[in-house]
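Just so it is clear, the values below take in all heavy atoms, side chains as well, and ignore hydrogens, waters and symmetry mates. Just so you know, ligand 1 is whichever comes first in the structure, and atom 1 is the first atom listed for that ligand.
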Amino acid sequence: MALLPERALTVYAGPRRGADLAFYLEELRGLCEAAGAEVVGEIVQNLPLPDPRGYLGTGKLVEAAQDAAELGASLLVAAESLSSRQERELERQTKLKIVDRTALILDIFAQRALSQEGKLQVELAQLSYLLPRLRRSAGSLSRLGGGIGTRGPGESKLETDRRRLRQRIADLEQRLAAVERQRSVSRQERRDLPRIALVGYTNAGKSTLLHALTQGGGGGEDRLFATLDPLTRQLHLPGRQEALLTDTVGFVQDLPTELVAAFRATLEETVFADLLLHVVDASHSEWARQMDAVQATLAAIGAAELPQIEVFNKVDRLAASAAAAMPGVAVSARDGAGIEQLRAAIADRLRERRVQREFIIPLSRGDLLAQVRAHGEILAEEAGETEIRVETLIDRAWAGRIAAELHG
Ligand SMILES: Nc1nc2c(ncn2[C@@H]2O[C@H](COP(=O)(O)OP(=O)(O)OP(=O)(O)O)[C@@H](O)[C@H]2O)c(=O)[nH]1
Ligand SMILES: [Mg+2]
């Protein structure tokens with residue numbers, strides 16, 4: 001499915017206008033470039049709804065064919081998902097290869113997936129995208145066949161294709177389920193530490209910020225969807241707090257449902273988080289729209305209600321006054337500005353998870369004392385003959401765990 005550097009003509013038919021349309025088209029251009037295509041022309045038709053027959057209306061279809069020939073375009077990219085009927089009609093009228101928004105994003109994901117799990121998820125998404133399309137063309141073939149005895153050779157081939165596809169989908173789902181079981185085990189093992197997920201519009205700087213916060217060196221890449229595989233690192237915070245910080249896949253507007261389904265496991269890392277860091281590219285002229293797109297995706301995966309810290313990144317590109325006006329924590333993941341303030345803000349938020357506890361620990365349980373010292377802030381400590389009394393401010397999960405060790 002990989003696209004060579006191709007010359008793409010993009011088409012949009014629908015009700016978007018003005019700044020909303022401009023943002024949508026700019027995002028589409030970015031997606032085309034990320035997939036390896038250069039946008040050489042754009043066609044926009046203002047309609048209440050796209051034409052059910054050919055996406056564009058008849059007149060615009062002719063214009064698209066002419067433009068494509070003049071511009072030397074080899075590819076037509078539709079700004080939204082197409083029905084197979086619309087896809088066929090566009091292809092018939094323009095003689096171009098047709099790619100819709102979903103296929104475009106799938107193509108980028110296919111090029112980016114690195115881990116075994118990422119690859120399985122992308123393949124599952126691609127096959128789920130393909131299956132209903134095969135079904136619909138099978139329907140049209142049987143109509144061509146004209147009623148009785150419609151089992152022509154074409155259709156039986158389609159039957160086989162469909163069966164193969166379904167088998168492969170079932171197989172992928174099984175393998176993914178196994179990976180997910182593994183993931184939920186490791187999630188349980190790590191349950192003591194609060195989990196924080198980096199979310200945000202693609203290219204906002206999530207991966208760079210992960211590195212800046214965990215001092216892992218390295219950084220992000222200047223391309224859309226650079227991250228497909230969640231990466232988790234331990235985060236050390238002021239007041240001896242610790243957390244796990246996970247990088248996630250970037251969001252765009254209207255993430256295709258096939259992708260949301262296939263990437264459920266990865267997105268679950270987000271849904272199960274205790275806190276979200278919503279990373280925003282403050283230097284982007286459309287950061288507010290990008291934030292809306294992220295909130296909409298969070299709502300779609302059931303994560304809208306999670307506590308969030310809004311992190312305005314890339315402020316090194318802004319004037320100091322503009323950075324100060326940002327409605328959240330202003331940082332530069334690149335040069336480190338604001339990172340300590342962010343660390344403190346995270347610690348403050350997580351502190352709400354902390355409880356004040358007193359433990360009486362037998363001297364024989366040096367291991368438990370070490371845990372309290374490692375994970376809690378010691379408020380008072382008093383050593384006796386056989387035991388030690390500590391008063392501590394400690395994460396609720398650790399408090400429960402230590403109490404269970406002491407009394408259970
Ligand atoms: N000037 C500037 N550039 C930054 C900053 N943070 C990240 N970048 C750049 O922005 C680009 C995207 O960064 P990433 O960290 O890959 O962004 P991401 O959100 O992980 O992107 P995806 O994984 O593709 O969704 C890279 O070229 C980074 O070097 C920053 O604070 N300032
Ligand atoms: Mg990334």
Give a yes/no answer: is there an N/O/S atom of N203 under 2.8 Å from the Mg ion (ligand 2)?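 Coordinating: no.
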Salt bridge [X]-[Y], side-chain N to carboxylate O under 4.0 Å:
| X | Y | value |
| --- | --- | --- |
| E377 | R240 | no |
| E91 | R88 | no |
| R29 | E26 | no |
| R289 | D20 | yes |

Polar atom proximity, [X] to ligand 1 (N or O, under 3.5 Å):
| X | value |
| --- | --- |
| V331 | no |
| T248 | no |
| D247 | no |
| V315 | no |
| L209 | no |

Go through the steps to decide whether Q66 and E70 satisfy the test side-chain hydrogen bond (donor to acceptor under 3.5 Å, both in side chains), and finish with yes or no.
-> CA-CA 6 Å; Q66 281 166 357; E70 271 165 34; over 6 Å; no
- How long is the span from the CZ atom in R373 to the CD atom in E381, to the nearest 0.5 Å?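 One gets 4.0 Å once the value is rounded to the nearest 0.5 Å.
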| said: Nearest 0.5 angstrom please: K60 NZ to Y12 OH, how far? | reply: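 If we round to the nearest 0.5 Å, K60:NZ and Y12:OH are 13.0 Å apart.
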N/O donor-acceptor pair under 3.5 Å between T392 side chain and R357 backbone
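Not confirmed, T392 side chain does not pair with R357 backbone.
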Sub-4.0 Å heavy-atom contact, G200 with ligand 1
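Checking ligand 1 against G200, which is what was asked, there is no heavy-atom contact under 4.0 Å.
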Only heavy atoms count here, so choose which of L210, D316, L198 is nearest to atom 30 (C) of ligand 1.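 Looking at heavy atoms only, the winner is D316.
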Which is closest to atom 19 (O) of ligand 1 by heavy-atom distance: R317, K206, K314?
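Shortest heavy-atom distance from atom 19 (O) of ligand 1: K206.
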Review point. Which part of N203 is near ligand 1, with near meaning a heavy atom under 4.0 Å away: side chain, backbone, both or neither?
Key: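 For N203, the contact with ligand 1 is made by both the backbone and the side chain.
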**Asked** Should the proximity of T208 to ligand 1, defined as any heavy atom under 4.0 Å, be assigned to the side chain, the backbone, both, or neither?
**Response**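 The answer is both, backbone and side chain.
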With heavy-atom distances below 4.0 Å as the criterion, list the atoms of ligand 1 near [X].
| X | value |
| --- | --- |
| T202 | 22 (P), 24 (O), 25 (O) |
| A333 | 6 (N), 31 (O) |
| G250 | 25 (O) |

| task | Please work out whether the ring planes of W287 and F312 are parallel, tilted or perpendicular, with thresholds of 30° and 60°. | result |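 Ring orientation, 0 to 90° scale: perpendicular.
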